[in-house]
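Remember, predicted model here, so these are calculated numbers, not experimental data. Just so you know, ligand 1 is whichever comes first in the structure, and atom 1 is the first atom listed for that ligand.
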Amino acid sequence: MFSKWAKRIVAAAFVLAVGWWLFSGEDDERLFASALTEADYLQPTPLIVNPRGRDTVSLNGPWNIIIDPQDRGLPTRALGLTLPGFFENLQDTGPMELVEYRFDESEKLQVPGDWNTQREDLFWYKERVWYQRYFDVARQDTQSYHLYFGAAHYEAHVAVNGVYAGTHKGGFTPFNLDVTDLLVDGQNSVVVSVSSKLNHGTVPTANTDWFNYGGLTRDVMLVSTPSIFIQDYEVTLLDEVTKDIRVAIDLNQPLRDVPVSVKIAELNADISMTTDRDGHAEARLTAPNAMLWSPETPNLYDVTLETGGAEIQDRIGLRTIRVEGDRILLNGQPVFLRGMSAHEETTTRYGRNATPDDGKAVLSLIKELGGNYVRLAHYPHNAHTVKLADEMGLMVWSEIPVYWDVDWHDTGSLADARNQLEEMITRDRNRASVITWSIGNETPNSDARLSFMENLADHARAVDSTRPVSAALVGDEVGQQLGQAIAVRALTSDDTPEATKQAIREFLGPLNSWLLDQALAWEIIDPQAPIIIELEDPLGDSVDIVGINEYIGWYYAAFLSPVFDIPEAELREQMFELTPNITLRNAYGKPLVISETGAGAVAGRRDADMSIWSEDYQAKVYERQIEMLQNSDQLAGLSPWIIKDFRSAMRPLNGVQDFWNRKGLVSETGERKAAFHVLKAYYQGLAASEAAQSEPPQNANDELE
Ligand code: GCB
């Protein structure tokens, strides 16, 4: 028999031991600190190419959601315990259980879709939303299962049946997670937490002229493959004359001697190969009868790839694309890009495009203009849209969101940008429509930015050596040289008020003023001479196609007016006069694409006096731009800004913008503005003369027959 005291000591020791066991975790300096830090993130598994051509089950539809502005659903540490958070999808099974969230019977959001336009109270919301749904799987032991997300904006954590499975950063590219070991036969639960918060270190940062749409914005699916499967493949036309084609396949594992095959039935091509020790196989074939892909003839071939009995279906166009001197050659012939820039928004819904029809509505507007090209700005658009561009015959500029003020010194930002670039290329490398990978937009010139961007250019070429690399440059020179031209004209005109001349001289400073006076006296500068603006941004040397964003006719007048003390109305008039005398060039002898130009206009606002925000003013900017463009012998195309008015938190002007950027050629509901018709006449004229030039010479007898 134990004595009373012995029993008490044992009981106390037991209590202490349990307490120590429960609460002896490391000391937490913060209560409810996140237990999921970047160091713990599981990366997605390598991207599976063309999931829709495989065995998939769609997980689109209504998902249960919980709004979590304080990140309380993430696993946290408190009182020495790790609390698993909402990943668990815990159910209370009785009236005495404290579970402070519930997905079942919660509100729902449609997937794919942004949350901002599905619920009024989420319009400006950027923090975390938890998504959950159930799905059934008839599990087969021979199969591998992958959860595939077309995009989640911006950071997503995924858990399956309560187990954290991986994290992805980047709001516009796909990712997949191998969840084979987490699935059960029958009903499964997936929980995804999505945060749309951007900061100084994200790509892009929070500083963008487009709307921060958050959520599971693209298709979600469960892809089922054999355990050994084709991860990635490439079918590329190498030569437009010999019609040599390269086919390359990569397995998900480095396995030697695995039989794989590629069939293009219409071309009588049926190749069987075995993989090397890297799980890679490749072959060349010649298809003399292949009809090439072009915007005028968007021919696509059914391609079937197979290994271990699992087939993948694709439709692939064959074409070559390269740059020679200042020309872009499509199938060996110079091509002029008659395009428009587009955000991923359309006239048929408010919010981020989600369905193939949304993408089609955007591309159809560009076809209606007589276009052959679209700049998908400023981030990779939905895979559906790029497929449609293949089918509809539109060449594509595809871009990553390296925009304005990314942190050029941050290795994390560079890693994110490289990853997004690689995911974009991997997803779309078999799309004939994509003719260039753009590594960014309007990145301000500095040494740190140049090495960041050169790193991206090298990476793009390493991942895909078959396409030119491009970037849209901001062209500081345009503002500077326009300013110079205006200063010279104002100083030499008798009509300029003395006060204005004085303001310009003050801006120039005594030395520049004196130099200018001498140059004028010695007739080295002719105030009426054509203006040649040469873009010298060193990034132009690192890319193959130089894009320039220039807003002659829109921004510069507002920028220069206070500097020169010239009324903005007068400057705008001068800009219109000067524009046709401007020649744009790049210092590197490369193809020059006007990646942006434009002006804002409210649909329906007409004004013969040409006030800004009127359709008439916008149309005049387009007319003058078109005149100016004829001067540039390096010009290889244009994609004015932008096909449709788009949402932007940066554009608050009430009664005019109301958080819409108004530079669209059509309004958010599809009203065509006057400039739409100006550009349409220009593009249709160009298309007609190109068609006439490419027609074989008329046989004299044809007319007699
Ligand atoms: C630009 C940017 C684009 C803006 C546009 C504008 O240069 O590249 O993202 O939306 O100008 O409207 O100012």
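Shown in contact with E442 at under 4.0 Å from a heavy atom are these atoms of ligand 1, numbered in order with element: 1 (C), 2 (C), 7 (O), 8 (O). Within ligand 1, counting atoms from 1 as listed, the ones closer than 4.0 Å to a heavy atom of H378 are 3 (C), 8 (O), 9 (O). Atoms of ligand 1 found under 4.0 Å from any heavy atom of R651 (numbered from 1 in listed order, with element): 6 (C), 12 (O), 13 (O). Atoms of ligand 1 lying under 4.0 Å from at least one heavy atom of N661, given by number and element, are 6 (C), 10 (O), 12 (O). Heavy-atom proximity to Y555, at under 4.0 Å, picks out these atoms of ligand 1: 6 (C), 12 (O), 13 (O).
Cation-pi check for R218 over F149 is not met; the charged atom does not lie both under 6.0 angstrom from the ring centroid and within 45 degrees of its normal.
In this structure a side-chain-to-backbone donor-acceptor pair under 3.5 Å is present from N631 to P580. Using modelled atom types, no side-chain atom of R624 and backbone atom of A619 make a donor-acceptor pair closer than 3.5 Å. Here the side chain of D114 pairs no donor or acceptor atom with the backbone of Y213 at under 3.5 angstrom.
Taking the charged nitrogens against the carboxylate oxygens, K663 and E596 have no contact shorter than 4.0 Å, which rules out a salt bridge. Looking at D326 and K590, no side-chain N of the basic residue comes within less than 4.0 Å of a carboxylate O on the acidic one, giving no salt bridge.
The shortest N or O to N or O distance between N441 and ligand 1 is below 3.5 Å.
In this pair, Y555 and F559 present their aromatic rings parallel. The plane angle is below 30°, not in the 30 to 60° band.
Among M650, R662, K663, the residue whose heavy atom lies closest to atom 12 (O) of ligand 1 is K663.
For the ligand labelled ligand 1, residue F646 lies inside the 4.0 Å heavy-atom shell. A heavy-atom separation below 4.0 Å is found between Y403 and ligand 1.
For atom 4 (C) of ligand 1, the closest non-hydrogen atom on the protein side is D209 OD2, 3.2 Å. Among protein heavy atoms, the minimum distance from atom 2 (C) of ligand 1 is reached at E596 OE1, 3.2 Å.
For W641, every heavy-atom contact with ligand 1 shorter than 4.0 Å involves the side chain, none the backbone.
When ring centroids are compared, H378 and W404 stay outside the 6.0 Å threshold.
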